[in-house]
Amino acid sequence: MDTGVVEGGLNVTLTIRLLMHGKEVGSIIGKKGESVKKMREESGARINISEGNCPERIITLAGPTTAIFKAFSMIIEKLEEDISSSMTNSTATSKPPVTLRIVVPASQCGSLIGKGGCKIKEIRESTGAQVQVAGDMLPNSTERAITIAGTPQSIIECVKQICVVMLEVSPPKGVTIPYRPKPSGSPVIFAGGQAYAVQGQHAIPQPDLTKLHQLAMQQSPFPIAPSNQGFQAGLDASAQTGSHELTIPNDLIGCIIGRQGAKINEIRQMSGAQIKIANPVEGSSDRQVTITGSPASISLAEYLINARLSSEATGLAAN
């Protein structure tokens, strides 16, 4: 099956997932959603854009191959336009290529790369696009990003060839856990039993987080006082750095650290705080955990640690 068959509208329903930065997505959505509406109408493809408030968003294109590639071409044209308009006030002499990322199941990447990289080399040479398959999976998923750069035509041709490999040669193996971009992590503060996200100088109540926080506080075998310092610091997310210490029993420290440090790293990333776990002290059944950062990040780290302890305690009680 060659790419001409894909282009000719082989009766296949395709799904292509694009990973884009917020600014690019804003351009594709357009003023009052006019741009994406036009793309949907003219292509006939289903175009779904993941929730906002994330530095990255997923654009999912689904439908028959002809509709998909029409929508895809329109997206590439829009990105090309944006590059051209940004060049008008630029001193740069050469125009940068259009660059985008598609997201594919990691189990299909081997066939895409080919033995000794022969398949990816063939795709690069026949399309003229630069193609790079990420070595690592995207966080909390079984998907990898493929970065493609070049002229609009070379990118479209390249994605067609990738689709051929994925459709014909290598169906995904096992269950695919899709990548879901995390919110931009605006600092969260808990005060008066209420959760607030700090955005600029404003505190926006977060009802879902409030419920989770209250639940964590009720269930926690180690009540940790919610931190209100953030409010005294005038809701400034970059308020001066402080530190906070927690004492956690040795037998529960594993659930905070997680397998190969995965959980503690996740808590560090989500909260923006530094978290250090002291080495075990002989004769002591507890471990000292030091959280350093802004009041908001300390508060969020405390909450996330508390939630981990709560779920562990609930699990133990159920056994």
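FYI, the numbering just counts along the sequence from 1.
Minimum interatomic distance between Gln161 and Ser126 (heavy atoms only, all atoms of both residues): NE2-OG, 3.0 Å. Considering every non-hydrogen atom in both Ala62 and Thr15, the closest pair reads CB-OG1, 4.0 Å. Closest non-hydrogen pair, Pro105 versus Met166, comes out as CD-CE, 4.0 Å. Shown here for Ser243 and Thr290, the closest heavy-atom pair between the two residues is CB-CG2, 4.4 Å. The shortest non-hydrogen separation linking Phe72 to Val159 is CZ-CG2, 3.3 Å. Of all heavy-atom pairs between Asn279 and Arg287, the closest is C-NE, 3.8 Å.
Arg101 and Glu56 are joined by a salt bridge, as a carboxylate oxygen and a charged side-chain nitrogen come within less than 4.0 angstrom of each other. Of the charged side-chain nitrogens involved, none lies within less than 4.0 Å of a carboxylate oxygen, so that Lys31 and Glu34 do not count as a salt-bridged pair.
Val98 and Ile68 end up in the same hydrophobic cluster when Ile, Leu, Val, Met, Phe, Trp and Tyr side chains are linked at under 4.5 Å. Residues Val103 and Leu14 are members of separate hydrophobic clusters, defined by side-chain heavy-atom contacts under 4.5 angstrom among Ile, Leu, Val, Met, Phe, Trp and Tyr. Taking hydrophobic clusters as Ile, Leu, Val, Met, Phe, Trp and Tyr residues chained together by side-chain heavy-atom distances below 4.5 Å, Ile120 shares a cluster with Ile102. With hydrophobic clusters built from ILVMFWY side chains whose heavy atoms lie under 4.5 angstrom apart, Met137 does not share a cluster with Val131. Under a hydrophobic-cluster definition in which Ile, Leu, Val, Met, Phe, Trp and Tyr are linked whenever side-chain heavy atoms come within less than 4.5 Å, directly or via other members, Ile123 and Ile146 are assigned to the same cluster.
Other residues, nucleotides and ligands place no more than 12 heavy atoms under 6.0 Å from the CD atom of Gln130. In Glu42, the CD atom is crowded: over 12 heavy atoms of neighbouring residues, nucleotides or ligands sit closer than 6.0 Å. In the displayed structure, Arg180 atom CZ is contacted under 6.0 Å by at most 12 heavy atoms of other residues, nucleotides or ligands. Within a 6.0 Å sphere centred on NZ of Lys70, heavy atoms belonging to other residues, nucleotides or ligands number 12 at most.
Annotation: side chain of Cys109 is in contact with side chain of Val104 (closest heavy-atom distance under 4.5 Å). At a threshold of 4.5 Å between non-hydrogen side-chain atoms, the residues Arg17 and Pro178 count as touching. Considering only heavy atoms from C-beta on, Ile248 comes within 4.5 Å of Ile305 through its side chain. Ile253 has its side chain within reach of Ile257: a pair of non-hydrogen atoms, C-beta onward, lies under 4.5 Å apart. Side-chain contact check for Ile58 versus Leu19: some heavy-atom pair is nearer than 4.5 Å. Counting heavy atoms from C-beta outward, Lys78 and Met74 have side chains that stay 4.5 Å or more apart.
Under the salt bridge (Lys or Arg N to Asp or Glu O under 4.0 Å) criterion, Lys121 pairs with Glu125, not counting sequence neighbours.
Between the CD1 atom in Ile29 and the CD1 atom in Ile49 there is a gap of 4.0 Å [rounded to 0.5 Å]. The OG1 atom of Thr292 sits 6.5 Å away from the NZ atom of Lys276 when rounded to the nearest 0.5 Å. Here the straight-line distance linking atom CD1 of Ile28 with atom CG of Leu79 works out to 4.5 Å at 0.5 Å rounding. Atom OG of Ser284 and atom CG of Asn250 lie 6.0 Å apart (nearest 0.5 Å). Summarising the geometry, atom CD belonging to Glu77 is positioned 11.5 Å from atom OG belonging to Ser84; distances are rounded to the nearest 0.5 Å. For the atom pair Glu24 CD and Ile75 CD1, the distance stands at 10.5 Å (nearest 0.5 Å).
A donor-acceptor pair under 3.5 Å links the side-chain atoms of Arg57 to the main chain of Glu51, judged by distance alone. Looking only at distances, no side-chain donor or acceptor of Ser154 sits under 3.5 Å from a matching main-chain atom of Gly150. In this structure, the side chain of Arg40 engages the main chain of Ile47 through a donor-acceptor pair within 3.5 Å.
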Margin query: Let's go through Ile59 and Asn48 carefully: what are the C-alpha distance in whole Å and the side-chain angles of both, what is the deciding distance for side-chain contact (heavy atoms from CB on, under 4.5 Å) to 0.1 Å, and is it a yes or a no?
Written below: CA-CA 6 Å; Ile59 296 184; Asn48 183 43; over 6 Å; no
Next item on the list: Could you please spell out the steps behind the side-chain contact (heavy atoms from CB on, under 4.5 Å) verdict for Ile156 and Lys160?
Entry: CA-CA 6 Å; Ile156 291 162; Lys160 281 178 183 170; 3.9 Å; yes
Notebook entry, point to check: Passes side-chain contact (heavy atoms from CB on, under 4.5 Å), Ile148 versus Ile162? Steps please.
Noted result: CA-CA 11 Å; Ile148 306 165; Ile162 288 169; 3.9 Å; yes
Notebook entry, point to check: Given the rule in the side-chain contact (heavy atoms from CB on, under 4.5 Å) test, do Ile267 and Ile275 qualify, once you have shown the distances and angles that lead to the verdict?
Noted result: CA-CA 9 Å; Ile267 293 170; Ile275 304 167; 3.5 Å; yes
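A donor-acceptor contact closer than 3.5 angstrom links the side chains of His244 and Glu302. Defined by atom type and a distance below 3.5 Å, a donor-acceptor pair is present between the side-chain atoms of Asp82 and Ser27. For the residue pair Thr176 and Glu143, no side-chain donor N or O sits within less than 3.5 Å of a side-chain acceptor on the partner.
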